[in-house]
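The next block holds one structure in the form of structure tokens; read it before the comments.
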Amino acid sequence: MATLELENLVKTFDKATILHGVNLKVEDGEFVVFVGPSGCGKSTLLRSISGLDSPSSGEIRIDGQRVNDVSAAHRGCAMVFQSYALYPHMSVYDNMAFGLENMRMDAALIRSKVTAAANLLRLDALLERKPTQLSGGQRQRVAIGRAIVREPKLFLFDEPLSNLDAELRVSMRAEIRDLHTRLKATMIYVTHDQVEAMTMADKIVVLRAGKIEQVGTPLDLYNRPVNTFVAGFIGSPRMNFISASLVSGQAAGVHSLGMRPEHAQLAGPVAGGDITLVVTQVEQLGSSSLLHGMVAGDTPFELVLAGQTDIRLGDNVGIHLPPAQLHRFDQGGLRLPN
Amino acid sequence: MANPVQFLTRTRSAYRMGWTDYFSYAYLVVGLFTMFAPVVWLVMSSLKTESALAQFPPTFLPYSQKSVSVPGYDQPLPLYLTRITGDDGKTSERPMAQVMRLGIMATMVDPAKPAEKPVQVNINERKPVNELEFATSNYTEIFGKFSFGTYLFNSVFITVIATLLTLLINSMAAFALSKYQFKGQKWVFGLIIATLMIPPTIILVPVFLVINTVGLLNSLWGVILPAIATPTGVFLLRQYMLTIPDELIEAARMDHASEWRIYWKIILPLSAPALAVLAIFSVMWRWNDFLLPLIVLSKSEYFTLQLALNSFQGELNTQWHYLLAMTVITLIPITLVFAFLQKYITTGIASAGVK
């Protein structure tokens with residue numbers, strides 16, 4: 001249970017600046033996801049919060065207390081690492097108990113806490129095993145269990161699901177969400193996968209090159225991205241961008257237009273509508289179809305159609321762009337009001 | 001590997017011997033012979049009696065001359081197969097015991113008929129009767145003589161304590177050099193490695209002076225302490241520890257583990273293969289060490305086995321049969337350590353080299 005504030009956080013390694021003055025406020029009990037392309041500084045930001053790295057300047061406050069000079073152990077954070085970082089020579093039980101033993105907690109109390117966490121994560125039957133004898137998902141749960149037993153103020157997850165296969169990732173996603181609901185703890189989760197961010201977060205922080213691009217709820221980011229980067233990053237398949245000159249009736253200053261593939265509509269089987277798409281690829285998913293093509297010669301454009309389609313490669317189709325769903329951006333890529 | 005015969009007769013091609021096979025096996029046989037023959041010779045010789053050792057030409061197996069007790073003589077007499085020309089001019093061969101010998105003539109008596117008058121025989125007319133006899137008394141007797149137990153204790157004490165301390169000191173240095181970032185880290189590491197270039201004999205006199213000054217002459221600690229920090233050990237362990245993921249240490253740090261606990265509970269158990277390698281090396285170094293004990297330990301009650309072996313070789317008289325037996329006993333611990341831990345040497349060195 002804690003709030004977290006970051007004020008003007010800067011981190012430089014040698015000569016490279018990784019974080020350029022990050023300001024952020026995380027409310028008590030929130031599930032915040034840091035998302036961004038690789039190298040954007042999201043992991044560095046997380047490590048600065050955890051205390052494993054110290055920021056070059058700026059302030060970190062947990063529950064209003066400045067913790068810049070507090071060691072990682074005493075900040076009250078628990079971290080789940082991408083590689084799980086389970087101690088390979090210890091059993092599952094010892095892995096979870098290690099932190100509590102270091103705090104010189106009473107053995108009986110340790111046992112009850114570890115057992116409770118194991119119950120919560122369905123690890124009871126595995127307590128005597130070594131990490132190498134566990135599957136990826138089980139290891140992940142042990143890593144989470146190790147974080148839970150310490151009852152931290154702040155949970156930090158560093159791309160915890162990236163080593164799991166797609167199916168397991170979906171179920172672990174739900175489990176972590178479920179855990180958040182039950183523990184009501186403040187959690188910070190780092191990922192490069194925007195689907196993970198959208199499905200899990202109360203609040204998403206989009207980072208690019210060491211700067212925060214936008215902070216908001218998943219739907220905020222989806223409906224009102226502040227710039228072309230966020231617009232392109234959030235949503236799958238990604239948003240189409242076309243030059244404003246292709247669509248008539250745009251206000252002065254509008255440089256490019258964004259349209260999500262699922263919002264664009266088919267105007268008719270032949271040319272017509274706002275723009276014409278030359279289909280270069282058709283993906284039939286059964287429940288929906290994805291058209292890839294080009295507009296105005298060389299601008300790629302994607303379109304999601306409900307159900308199945310008989311449109312083929314090389315067809316020219318007219319596309320209607322509903323004005324309410326159109327995102328307008330200026331020369332610098334910033335969002336313009338509708 | 002399951003079937004040793006199959007394993008030892010493997011060939012490159014599954015069906016026939018290629019020239020590489022001939023070459024490899026020839027090379028291996030030569031290697032086996034040159035390395036193993038002296039050891040086998042040593043073991044066989046250690047089982048020979050004092051007189052059999054002095055025999056020329058030497059035999060491979062421990063033969064010794066048979067002797068018999070003949071009534072009327074106090075000592076057992078050595079037995080010879082003797083050619084005797086009888087009164088009828090016929091020659092016959094039969095075993096005779098030698099009573100005494102003067103020049104080239106020996107006085108022999110037939111052990112079957114001790115009452116008969118001894119005969120004079122030319123020593124060229126007879127051959128000693130040999131029998132295979134393992135002189136295990138060489139081994140049993142040294143335990144009673146020369147305070148062998150003391151030497152053994154000294155050697156074991158030095159080897160065990162020095163190895164434990166070597167593992168501790170070197171792994172702590174390796175931990176710091178592999179897992180902490182500090183200014184001059186590379187420089188310190190380079191300095192440690194650079195000491196490999198200085199031969200131990202060069203620093204022998206300074207080491208002696210230091211040991212003398214701190215009053216460790218004629219103390220087992222004077223042999224243990226100077227040798228516990230080794231650049232080889234630091235290098236070996238550091239290279240291995242570099243392969244331990246930093247995230248484990250970070251996780252432990254977040255788990256409230258002190259730096260000592262990280263070292264003791266995380267790093268040490270995970271470095272076990274490299275520690276095993278260093279332990280084997282250290283045992284071999286300490287056990288076989290001769291020069292340092294030689295200058296530090298001058299009183300015989302502090303002698304290690306190696307020093308005792310050396311002192312056996314007297315100025316006038318060397319008791320070879322005891323010396324050889326003791327040499328074999330000295331070899332045994334090293335052989336055992338190597339036999340049981342050698343699998344770690346290959347795995348440990350291999351993984352220490354590749355990051």
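Note on naming: letters A, B, ... go to the chains in the order of the sequence lines (proteins, then strands), and numbering restarts at 1 for each one.
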Inspect the surroundings of [atom1] in [X] and state if more than 12 heavy atoms from other residues, nucleotides or ligands are less than 6.0 Å away.
X        : atom1 : result
B:Phe36  : CZ    : no
A:Arg182 : CZ    : yes
B:Phe182 : CZ    : yes
A:Arg111 : CZ    : no
B:Gln185 : CD    : yes

Can you tell me how far [atom2] of [Y] sits from [atom1] of [X], rounded to the nearest 0.5 angstrom?
X        : Y        : atom1 : atom2 : answer
A:Ser50  : B:Met254 : OG    : CE    : 4.5 Å
B:Glu247 : A:Leu52  : CD    : CG    : 9.5 Å
A:Ser71  : B:Arg253 : OG    : CZ    : 10.0 Å

Name the region of A:Leu100, side chain, backbone, both or neither, that has any atom closer than 4.5 Å to a heavy atom of chain B.
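For A:Leu100, neither part sits under 4.5 Å from chain B.
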
Heavy-atom pair count under 4.5 Å with chain B, highest-scoring of A:Arg47, A:Arg150, A:Arg146
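Among A:Arg47, A:Arg150, A:Arg146, the one with the most close pairs to chain B is A:Arg150.
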
Most contacts with chain B, counted as non-hydrogen pairs under 4.5 angstrom, among A:Arg75, A:Gln82, A:His89
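Sorted descending by pairs with chain B, the first entry is A:His89.
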
Do B:Leu248 and A:Ser83 touch side chain to side chain, with heavy atoms closer than 4.5 Å?
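Answer no - side chains too far apart.
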
What residues of residues 255-272 of chain B sit under 4.5 Å from chain A when only non-hydrogen atoms are counted?
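At a heavy-atom separation under 4.5 Å, chain A is reached by B:Asp255, B:His256, B:Ala257, B:Arg261, B:Lys265, B:Ile266, B:Pro269, B:Leu270.
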
Chain A-proximal positions within residues 161-180 of chain B [heavy-atom distance under 4.5 Å]:
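Against chain A, none of the residues of residues 161-180 of chain B fall inside the cut-off of heavy atoms under 4.5 Å.
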
